[in-house]
Amino acid sequence: MINYRAKRRGKTNKRKRVVRAVKGSVAKKTAKPIKLSVPNRLQLRQNRKRLSVIIPVRDEEATIGKVLRQVGRLKPKEIIVIANGSRDRTIQIVSKYNVTCFSYPFQLGHDVGRAIGAKEASGDVLLFLDGDIVIPAERLQKFVTACYQGVDISLNNVNPFFINTAKIDAVSMAKSYLNRMLLRADLGFSSMTAVPHAMKRSVAAWLGYDSLMVPPLAQAKAILQGIRVEQTGSVDVFRTNRKSTLNSKANNLVKELILGDHLEALSFLQAIKSERVFFIDQLRRRHLLKHMERTTQLAPNHHLLPADI
């Protein structure tokens, strides 16, 4: 009798444990985000023939392997890594993958690696990434497919991530301002400064590979010439962007650099169009001040009459 009860108790406990496990697994499943669709065969076939992925890296040993594994799932024609000034194991990790690596013992500076990679690429479509931000292949494919379907420059739509407008920083304001000056307020805070983004190689060649070193300038040139620029994917790169001595709050050299890039783009716009670019002043009669100065010199006591205006 004692043995029977012991067995029965054991079965009951086991049954309860199973129920708890099942309940836990169901709860865990519902908490998972919805999976994105894997790149289909047609997309992968196009990638093999047409896609070049460009990744500048510097001291990215913690993430570059993960980045390359996701990129590998795209089955691109080529992966171009531009290693500059790396002092850790980044180059050793990269060498384990089927990539073309351009290694420089010194730092090239912001976005120079992108320009070098674009110039060396042979694919019809260029996908630009950073070595410190791991993005699933499913999300990356959206930017590439957009270019296959006619988009010239495919930008990352970061607008959904600007929830608290009170915390918008100066760089984001500069991006939005430039887009408004280009009559593309619909782009909001999206910019070629941010990754991931993709573009046709023919467009990069037409803009000039050197202009890719200053992404806002390249974006201004493209939009001004009617090149098709659209937001085709949305990836939150703000949380995953690695902090360094160059982009810390205390010594944010990258912030100053990007603000200067936008000034360069605005200066280009003014040189091509006018001081006011597209925003012509039609509400002021500025000539009246000069008219008043002239009449004052001729007749100090003379007052402007409606006929003078």
Side-chain angles (χ1 to χ4, degrees), residues 47 50-58 60 63-64 66-68 70-74 76-84 94 99-102 108-148 151-158 175 187 189-223 227-238 240-242 254 257-258 261:
N47 292 348
R50 305 178 63 185
L51 177 61
S52 296
V53 183
I54 298 164
I55 314 173
V57 296
R58 181 175 65 85
E60 317 287 6
T63 54
I64 187 58
K66 298 176 183 177
V67 171
L68 290 174
Q70 290 300 322
V71 171
R73 293 179 57 214
L74 295 174
K77 179 180 181 181
E78 61 184 356
I79 304 172
I80 300 175
V81 174
I82 301 91
N84 61 111
V94 168
V99 305
T100 300
C101 182
F102 295 88
L108 295 172
H110 219 56
D111 299 317
V112 177
R114 291 188 193 180
I116 292 174
K119 191 173 183 180
E120 296 293 335
S122 61
D124 296 332
V125 174
L126 312 178
L127 175 64
F128 296 94
L129 305 176
D130 280 347
D132 61 342
I133 304 177
V134 183
I135 304 170
E138 294 82 1
R139 293 188 181 275
L140 296 176
Q141 185 65 52
K142 287 185 176 182
F143 299 92
V144 177
T145 301
C147 290
Y148 291 157
V151 175
D152 294 316
I153 300 177
S154 174
L155 297 180
N156 182 13
N157 182 11
V158 297
K175 293 175 182 178
L187 294 178
F189 303 102
S190 299
S191 170
M192 285 179 62
T193 299
V195 294
H197 69 266
M199 66 190 308
K200 294 178 180 176
R201 184 165 61 93
S202 58
V203 172
W206 186 86
L207 291 173
Y209 296 113
D210 57 336
S211 69
L212 299 182
M213 293 187 287
V214 187
L217 176 62
Q219 185 165 329
K221 286 183 177 181
I223 293 175
I227 288 174
R228 187 177 173 187
V229 180
E230 293 185 10
Q231 302 169 107
T232 54
S234 190
V235 178
D236 186 356
V237 294
F238 300 105
T240 53
N241 191 18
R242 181 169 60 93
V254 173
L257 175 73
I258 296 175
D261 289 350

Are [X] and [Y] side-chain neighbours, meaning at least one heavy-atom pair lies under 4.5 Å?
X	Y	result
V81	E60	no
V151	R228	yes
L212	M192	yes
R201	S52	no
P196	V237	yes
L51	Y148	yes
P215	R114	yes
L74	L127	yes

Between [atom1] on residue [X] and [atom2] on residue [Y], distance to nearest 0.5 Å:
X	Y	atom1	atom2	answer
L68	L129	CG	CG	9.5 Å
D111	I116	CG	CD1	11.5 Å
D124	N47	CG	CG	11.5 Å
E230	I153	CD	CD1	11.0 Å

Side chains of residues 202-210: which donor-acceptor partners sit under 3.5 Å, not counting sequence neighbours?
none

Locate the shortest heavy-atom distance separating [X] from [Y]; write the atom from each residue and the value.
X	Y	answer
L126	A121	CD2-CB, 3.5 Å
I54	A118	CD1-N, 3.4 Å
Q70	P136	OE1-CA, 3.3 Å
D236	F238	OD1-N, 3.1 Å
K175	F189	CD-O, 3.5 Å
V53	I55	CG1-CG1, 4.0 Å

Self-check item: Residue from L187, V214, T193 passing side-chain contact (heavy atoms from CB on, under 4.5 Å) with Q219
Solution: L187
May I ask you to decide if [Y]'s main-chain N or O and [X]'s side chain share a donor-acceptor pair within less than 3.5 Å?
X	Y	answer
E78	S122	yes
T232	F143	no
Q231	L155	no
N84	L108	yes

Exercise. Kindly indicate, with the supporting measurements, whether the criterion side chain to side chain contact (heavy atoms under 4.5 Å, CB included) is fulfilled by N156 and H197.
Key: CA-CA 6 Å; N156 182 13; H197 69 266; 5.6 Å; no
Quiz item: If you draw a 6.0 Å radius around NZ in K119, do more than 12 non-hydrogen atoms from other residues or ligands fall strictly inside?
Solution: no
